[in-house]
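Nothing here was measured: the structure is a model prediction, and the numbers come from that model.
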Amino acid sequence: MTEGRLWGGRFTEQPDAAAFQLGRSVHFDVRLWPYDLAGSRVHADELLRLGLLIADDHRAITAGLDTIGEELAAARFAFADGDEDLHGAVERRLIEVAGEAGGRLRAGRSRNDQIASDLRLYLADAIDDLTGDIRALQEALATQAEVAADWLVPGYTHLQRAQPVTLGHHLLAHAWALQRDCGRLRDARRRILDASPLGAGALAGVTLGLDLARYAERLGFTDVAANSMDAVADRDFAVEFLAAAALVGVHLSRLGEEVMLWSSTEFGWVTVGDAFSTGSSIMPQKRNPDVAELVRGKTGRLLGDLVSLLVTLKGLPLTYNRDLQEDKEPVFDAVDTLRLALPAMAGMVATLRFDGERLALAAAGGGALATDVAEELVRRGVAFRVAHERVGALVATCDERGIDLRDLTSAELAALLPELDGVEALLDARAAVTRRDTVSGPAAVHRQLRQLRAAFQAAR
Ligand code: ARG
């Protein structure tokens, strides 16, 4: 008997148990069932239209598919040991509930075109969920940025204080990175849906006269795949998704890393809310930013998922090879990982409480204003190369004396920078931020927030 397995007629022996277990995929591909059943419904209609199914059989099949859908939705579907994959399980059950007619639905289709179609449709929906999750994190960042739009903080390069910015500007930098992620996922989704594989059959199309455009249209594809061999061999769409997902992970990890740094006693900039912190089993004082750490850790899996599929595909001859069954678990893992990580990050970001005074203190150091002094010299006609040297020497003097630029007296400043009057006014972090009034600069947080929110709106 071959129930639950869609092949076997030409064999005399039953499959070896270990070989069968190796090939079994039903425990993970079952999640594709809504898309598989949708494809089966369209296929039954097409067979009816072509006179390849009589109305009674068509009715029995559609009713059977309804029953199977209800069973799967309610997690009542009883899998049999012999169910090799979702397609096998569905046909086995369809014959149980619809009788002999259930064996007629396989005409003109192959698991090769079915699985390619199922995975594409699944991913299109998953991307919709994920962009919603990303949006929620962006909103959390935007809300924090709005509150802290004008709070001064030192901006860093090389993790060394560089120039003053605002906390709002810094937080929005993360939101803009996530905005690109949404764009990448939407691009991937467009290519996922522009090539309906059904009708490609095993690889060379089918002989029954199916109208491929009907499948595409009814399943929500924008077009039929142009080449039947490519249709069953192609997993580029899954790679594109995994690449976009890996990058989302990298962005979450970078944001998480900053939360870890900022919440350390050394920085003391921020407190993560209780609900998103954990304690230690031995050290009673501990308050650990576990969410950020876990998400940084999960990013490793996301990168692995991408590499895993690329390695599977590399060197595969056309068209379908059973290796391709390995496409699904990395994709599902990436979707699950992000659906777990994104809401946790959004929740954590919403609980962040920044210590505005400490931030202002950190931003006040005159060292971060050295560029401004040099640029003021440029305005007075000094070549930047010379200005840079002179201010550098000034900083070195301060370092030697163990003081800040702002600790120099007016007389000292006047002696060292005779071209400048009122250098003290230059050495003010607030003024330094206000001066940076370019479109992308830190003085424009409120406008950038409006721009970002307009982009949210446009994407809806
Ligand atoms: N379970 C298979 C997969 O996930 C379905 C396609 C199997 N096709 C075949 N010719 N064995 O790829």
message: Do Arg120 and Phe221 form a cation-pi contact, if we require the NZ or CZ to be under 6.0 Å from the six-membered ring centre and within 45 degrees of the ring's axis?
response: no
message: Do Val90 and Leu105 make a side-chain contact, defined as non-hydrogen atoms from C-beta onward lying under 4.5 Å apart?
response: no
Whether over 12 other heavy atoms sit under 6.0 Å from Glu13 CD: no
field: Chi angles and distances behind the side chain to side chain contact (heavy atoms under 4.5 Å, CB included) call for Leu178, Leu255
entry: CA-CA 11 Å; Leu178 292 166; Leu255 171 60; 5.5 Å; no
message: Using side-chain heavy atoms (C-beta onward) and a distance below 4.5 Å, is Tyr122 in contact with Ile192?
response: no
- prompt: Which heavy-atom pair separates Gly249 from Thr299 by the least distance, and what is that distance?
  reply: O-OG1, 2.9 Å
- prompt: Can you check whether Arg430's main-chain N or O pairs, donor with acceptor, with Thr434's side chain at less than 3.5 Å?
  reply: yes
query: Does some side-chain heavy atom of Asp274 sit less than 4.5 Å from a side-chain heavy atom of Arg287?
result: yes
Side-chain touch Phe241/Leu119, heavy atoms, less than 4.5 angstrom: no
- prompt: Using 4.0 Å as the upper bound for N to carboxylate O, is an ion pair formed by Glu100 and Arg104?
  reply: yes
query: Taking the side chain from Arg358 and the backbone from Phe267, do they hold a donor-acceptor pair closer than 3.5 Å?
result: yes
query: Tell me, which pairs form a side-chain hydrogen bond (donor to acceptor under 3.5 Å, both in side chains) where one or both residues lie in residues 219-230, sequence neighbours left out?
result: none
field: Test item: Asp113 side-chain N/O and Ser110 main-chain N/O as donor-acceptor pair under 3.5 Å
entry: yes
- request: Would you mind checking if Asp336 and Arg31 are paired as a salt bridge, meaning a charged N to carboxylate O distance below 4.0 Å?
  value: yes
query: Is the backbone of Leu6 close enough, under 3.5 Å, to the side chain of Arg106 for a donor and an acceptor to pair up by distance?
result: yes
field: Verdict with supporting geometry, Leu338 and Asp133, side chain to side chain contact (heavy atoms under 4.5 Å, CB included)
entry: CA-CA 9 Å; Leu338 284 179; Asp133 292 344; over 6 Å; no
query: According to the interplanar angle, ranging from 0 to 90°, do the rings of His43 and Tyr215 count as parallel (below 30°), tilted (30 to 60°) or perpendicular (above 60°)?
result: tilted
task: For residues Arg436 and Ala432, report the shortest heavy-atom separation together with the two atoms involved.
output: NH1-O, 2.9 Å
- prompt: In Å and rounded to the nearest 0.5 Å, what is the CG to CD distance from Leu342 to Gln138?
  reply: 10.0 Å
query: Is there a side-chain contact between Glu326 and Arg235, using heavy atoms and a 4.5 Å cut-off?
result: no
task: Take Asp355 and Val270 through the side chain to side chain contact (heavy atoms under 4.5 Å, CB included) test and state the conclusion after the steps.
output: CA-CA 6 Å; Asp355 182 340; Val270 76; over 6 Å; no
query: OG1/Thr62 to CG/Leu37 distance, rounded to the nearest 0.5 angstrom?
result: 12.0 Å
- request: Report the distance from atom CE of Met260 to atom CG of Asn288, rounding to the nearest 0.5 Å.
  value: 11.0 Å
task: Inspect the contact between Glu257 and Arg254 and indicate whether a charged nitrogen and a carboxylate oxygen are less than 4.0 angstrom apart.
output: no
- line: residues 153-166 vs side-chain hydrogen bond (donor to acceptor under 3.5 Å, both in side chains), sequence neighbours excluded, gives Gln163-Thr371
Sub-4.5 Å side-chain heavy-atom contact between Leu313 and Leu324: yes
Lys NZ or Arg CZ of Arg180 over Trp176 ring: under 6.0 Å, within 45°: no
Test log, rule side chain to side chain contact (heavy atoms under 4.5 Å, CB included), inputs Met345 and Val259: CA-CA 10 Å; Met345 283 296 271; Val259 171; 5.8 Å; no
query: With a 4.0 Å cut-off, would you call Arg435 and Glu375 a salt bridge?
result: no
message: Please determine whether a side-chain nitrogen of the Lys or Arg among Arg111 and Glu84 lies less than 4.0 Å from a carboxylate oxygen of the Asp or Glu.
response: yes
Salt bridge flag under 4.0 Å for residues Arg218 and Asp45: yes
- prompt: Heavy-atom distance under 4.5 Å between the side chains of Leu159 and Leu261, does that happen here?
  reply: yes
- prompt: Do you know which two heavy atoms are closest between Gly102 and Glu91, and how far apart they sit?
  reply: O-CG, 4.1 Å
query: Below 4.0 angstrom, N of the basic side chain to O of the carboxylate: do Arg41 and Asp66 qualify?
result: yes
- request: Output every pair passing side-chain hydrogen bond (donor to acceptor under 3.5 Å, both in side chains) with a member in residues 16-26, not counting sequence neighbours, ordered by first then second residue.
  value: Ser25-Asp29
Pair Asp194-Arg191, salt bridge (charged side-chain N to carboxylate O under 4.0 Å, His left out): steps then yes or no: CA-CA 5 Å; Asp194 75 6; Arg191 269 184 297 282; over 6 Å; no
task: Give, for atom CG of Asp36 and atom CG of Leu32, the distance between the pair rounded to the nearest 0.5 Å.
output: 7.5 Å
- prompt: Can you check whether Gly23's main-chain N or O pairs, donor with acceptor, with Gln325's side chain at less than 3.5 Å?
  reply: yes
message: Looking at Gln144 and Val349, would you say the former's side chain and the latter's main chain have a donor-acceptor pair under 3.5 Å?
response: yes
- request: Determine whether Val165 and Val153 make a side-chain contact, defined as any pair of heavy atoms from C-beta on separated by less than 4.5 Å.
  value: yes
query: Would you call Asp128 and Arg189 a salt bridge, taking side-chain N to carboxylate O under 4.0 Å as the test?
result: yes
field: Lys/Arg-Asp/Glu bridge criterion (N-O < 4.0 Å) met for Arg92, Glu96
entry: yes
field: Minimum-distance pair of heavy atoms, taken over all atoms of Leu359 and Leu167
entry: CD1-CD2, 3.7 Å
query: Any idea which heavy atoms bring Val433 and Leu152 closest together, and the distance?
result: CG2-CD2, 3.6 Å
- line: Note: Asp211 and Glu46 closest approach over all heavy atoms is N-OE2, 2.6 Å
statement: Between the CG atom in Leu72 and the OG1 atom in Thr67, the distance rounded to the nearest 0.5 Å is 11.0 Å
message: With a 6.0 Å cut-off (strictly less than), is the heavy-atom count around CD of Glu293, excluding the residue itself, greater than 12?
response: yes
message: If I take atom CD1 from residue Ile134 and atom CG from residue Asp181, how far apart are they, to the nearest 0.5 angstrom?
response: 5.5 Å
